[in-house]
K.L.:
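Pasting a structure below so you can have a look.
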Number of protein chains: 2
Amino acid sequence: MHINFDLLDSLSDNTLHVKKGTYLYRKADASTCIMLIHSGSLKTVYSFQGTQEHRVDDFHIKKDIIGLDAMMDSYYSTDAVALEDTIVKAVSYEKLSHCTSRSAEVVEMLDTLKARFMSRKEETRGILNNLRAEARMAAFFISIISRMANIGYSNQEIQLKMTNKDIANFLGVKGETISRAKRSLVKTGAIAWEKKNFKILDFQILNQIVNPRFTH
Amino acid sequence: MHINFDLLDSLSDNTLHVKKGTYLYRKADASTCIMLIHSGSLKTVYSFQGTQEHRVDDFHIKKDIIGLDAMMDSYYSTDAVALEDTIVKAVSYEKLSHCTSRSAEVVEMLDTLKARFMSRKEETRGILNNLRAEARMAAFFISIISRMANIGYSNQEIQLKMTNKDIANFLGVKGETISRAKRSLVKTGAIAWEKKNFKILDFQILNQIVNPRFTH
DNA sequence: CGCGGCCTTGAGAAATGTCAATGCGAGTGG
DNA sequence: CCACTCGCATTGACATTTCTCAAGGCCGCG
């Protein structure tokens, strides 16, 4: 099913501006709404008590909905940090519950959003199952560029706002390994890369790195 | 919230007996019900088209509910294979939808089940984020024994029905690495282990292996 | 009893982590 | 506007870990 962004937009009763590096919400916060990313991007992060350690759960781009975990589990499981100046539109649970009793479309849309949230979790787990850093990296590129393409951006070029360290943390490897994996991917001709800008040159190579079983 | 197993049991309209090594359902199957594991255990597996490759998604034990992915996403995302002779009780969507219009408890229970399904996904992802095989292994032991304890089994002893290879696949490492990690955990005194039977001797050591940051 | 799959163990190859030095760039304050 | 600073990114050398391949033992099943 296709998500009706205009409908969501019309339901929103609050627009939030989040400066780069600041929190949209924290784990402990009471949750009262789901949020549609209008522009910008964020990361969600698991923090561990008693240490400075944290783990990047996922990255969220324009037209993603965040806060669904709280709706399903009654509390946020992560902190949300803006990767750049970001604008989100909030739709309160209150408004949603009003709508769900009247509009079948809203009910169906919420179910679709939850299902997508699930698939996304499974996808990120899939990325981690491959131990090779290059394969994780390639899977990451394919994933993020597909999502960009879905919302109308180029299906070849990306500008990544997150740091190398964030990507490393997300993929479960060290920053230095990301540096080397990127250089390696450039050398094979799979991607081009300058500063924060990436370009996919050869999807087939990228796919083969993710799934080496198809090569022989 | 606590799951009312008796209620679920009373809703079930079908009892299925699944022989060891056979399928409870396959990815392509039409899904009509969720299932409560009455006795035994299963693994769910992602299969990749065109190859023999597969990836163990998760293990499911007594009192787990499986088939929720299909309810949320309208199709099974995995195959389910019995690890031993297993009995499940099926609750059809049809019956559930009848109940949800009348019983607030059933609605709430379904929401709780979905939320747990989500947390479980996040937990398994967390296990994979640590690259060290020993750490993954330790996290796996802690996870599985907690779940066993939750349903009334010993919180120290486990009999694992899955093969080494299944565990290896689940944890994203090779079978040989599992052998060595187990031997290593035994040597540190964290676990005892004979054949398929495991015993947790020292939770603190196990936790420190998962989270080395707490040690110094 | 023999077969086949699983598990263990060893040795060497490949990949990632760790540590350290340097370069780079965005953001800060003068 | 410039200089400074701090965190991030890159690169190299070496340590650690896992993978790969191979051999042998064990166990369940026909």
Side-chain angles (χ1 to χ4, degrees), chain A residues 19-22 43 52-54 56 81-85 127-140 159-188 191 193-198 209-210 212-213 215-216, chain B residues 19-22 43 52-54 56 81 83-85 127-138 140 159-188 191 193-198 209-210 212-213 215-216:
Chain A
K19 283 273 172 208
K20 175 178 179 178
T22 64
K43 63 177 173 182
Q52 308 284 28
E53 301 251 346
H54 55 96
V56 175
V81 184
L83 296 170
E84 58 193 306
D85 289 359
I127 291 176
L128 289 185
N129 215 77
N130 194 326
L131 268 194
R132 289 203 70 230
E134 258 182 66
R136 292 183 178 201
M137 190 87 205
F140 170 71
Q159 186 174 35
L160 297 174
K161 298 294 187 181
M162 68 289 282
T163 64
N164 244 5
K165 256 189 165 172
D166 281 337
I167 299 175
N169 188 310
F170 174 66
L171 296 179
V173 296
K174 297 296 171 186
E176 295 91 330
T177 305
I178 294 291
S179 270
R180 292 172 178 127
K182 280 198 301 193
R183 197 155 36 119
S184 170
L185 287 178
V186 168
K187 198 157 60 182
T188 64
I191 64 170
W193 152 54
E194 194 177 339
K195 302 284 171 62
K196 292 255 178 194
N197 302 297
F198 296 81
I209 289 169
V210 177
R213 54 193 127 90
T215 48
H216 52 84
Chain B
K19 283 273 172 207
K20 176 178 178 178
T22 63
K43 63 178 174 183
Q52 308 284 28
E53 301 252 345
H54 57 95
V56 174
V81 184
L83 296 171
E84 58 193 307
D85 289 0
I127 291 175
L128 289 185
N129 215 76
N130 194 325
L131 269 194
R132 290 202 71 229
E134 257 181 67
R136 292 183 179 202
M137 190 89 207
F140 170 71
Q159 185 173 37
L160 296 175
K161 297 295 186 181
M162 68 289 281
T163 65
N164 246 5
K165 257 190 163 172
D166 280 336
I167 299 175
N169 189 309
F170 174 66
L171 295 179
V173 295
K174 297 296 172 187
E176 297 90 329
T177 304
I178 293 291
S179 270
R180 293 174 178 127
K182 280 197 302 192
R183 196 155 36 120
S184 170
L185 287 178
V186 168
K187 198 157 62 183
T188 64
I191 64 169
W193 153 53
E194 195 176 338
K195 302 283 171 61
K196 293 254 176 193
N197 302 298
F198 296 82
I209 289 169
V210 177
R213 54 194 126 88
T215 47
H216 50 85

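Naming: A, B, ... by sequence-line order, numbering from 1 per chain. Below, all heavy atoms of this structure are taken into account, side chains as well, without hydrogens, waters or symmetry copies.
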K.L.:
Which pair of heavy atoms, one from A/N169 and one from A/H54, lies closest together, and at what distance?
P.N.:
ND2-O, 2.9 Å

K.L.:
Which heavy atom of A/M162 sits nearest a heavy atom of A/K196, and at what distance?
P.N.:
O-NZ, 3.0 Å

K.L.:
Test A/L185 against A/F198 for side-chain contact (heavy atoms from CB on, under 4.5 Å), laying out the working first.
P.N.:
CA-CA 11 Å; A/L185 287 178; A/F198 296 81; over 6 Å; no

K.L.:
Looking at B/I178, B/V173, B/I191, B/I127, which one forms a side chain to side chain contact (heavy atoms under 4.5 Å, CB included) with B/M137?
P.N.:
B/I178

K.L.:
What is the distance from CD1 of A/I178 to P of C/dT16, rounded to the nearest Å?
P.N.:
10 Å

K.L.:
Can you tell me the distance, in whole Å, between the CZ atom of A/R132 and the P atom of C/dG17?
P.N.:
13 Å

K.L.:
A/L128 has an atom CG; how far is it from atom P of C/dT16, in whole Å?
P.N.:
14 Å

K.L.:
Do A/T163 and A/D166 have side chains that get closer than 4.5 Å, going by heavy atoms?
P.N.:
yes

K.L.:
Strictly under 3.5 Å: I want the nitrogen or oxygen pairs between protein and nucleotides 21-29 of chain D, one per line.
P.N.:
| unit_1 | atom_1 | unit_2 | atom_2 | d |
| --- | --- | --- | --- | --- |
| D/dC21 | N4 | B/E176 | OE2 | 3.2 |

K.L.:
Any side chain to side chain donor-acceptor pair (under 3.5 Å) involving residues 177-186 of chain A? Give me the pairs, sequence neighbours left out, ordered by first then second residue.
P.N.:
A/E134-A/S184, A/N164-A/K182

K.L.:
In whole Å, what is the span from the CG atom of A/L171 to the C1' atom of C/dG17?
P.N.:
16 Å

K.L.:
Between atom CG in A/N169 and atom C1' in D/dG7, what is the gap in whole Å?
P.N.:
16 Å

K.L.:
What's touching nucleotides 4-7 of chain C from the protein side, N or O pairs under 3.5 Å?
P.N.:
| unit_1 | atom_1 | unit_2 | atom_2 | d |
| --- | --- | --- | --- | --- |
| C/dC7 | OP1 | B/N164 | N | 2.6 |
| C/dC7 | OP2 | B/N164 | N | 3.4 |
| C/dC7 | OP2 | B/K165 | N | 3.2 |

K.L.:
Rounded to whole Å, how long is the line connecting atom CE of A/M137 with atom P of C/dA15?
P.N.:
17 Å

K.L.:
Got a second to check how far A/F140's CZ is from A/L171's CG, nearest 0.5 Å?
P.N.:
6.5 Å

K.L.:
Got more than 12 heavy atoms from elsewhere within 6.0 Å of NZ, A/K19?
P.N.:
no

K.L.:
What residues, two or more places apart in sequence or in another chain, satisfy side-chain hydrogen bond (donor to acceptor under 3.5 Å, both in side chains) together with B/E176?
P.N.:
none

K.L.:
Kindly write out the residues that satisfy side-chain contact (heavy atoms from CB on, under 4.5 Å) with B/K20, not counting sequence neighbours, or none if the list is empty.
P.N.:
B/D85

K.L.:
Measure across A/W193 and A/V186 and return the closest heavy-atom pair with its distance rounded to 0.1 Å.
P.N.:
CE3-CG2, 3.6 Å

K.L.:
So how far off straight is the helix from C/dC1-D/dG30 to C/dG30-D/dC1, going by the axes through five pairs at either end, to 10°?
P.N.:
50°

K.L.:
Distance check needed: D/dT17 C1' versus B/L185 CG, whole Å only.
P.N.:
15 Å

K.L.:
Starting from the 5' end of DNA chain D, give me the residue, B/K174 or A/T177, whose nearest nucleotide shows up first.
P.N.:
A/T177

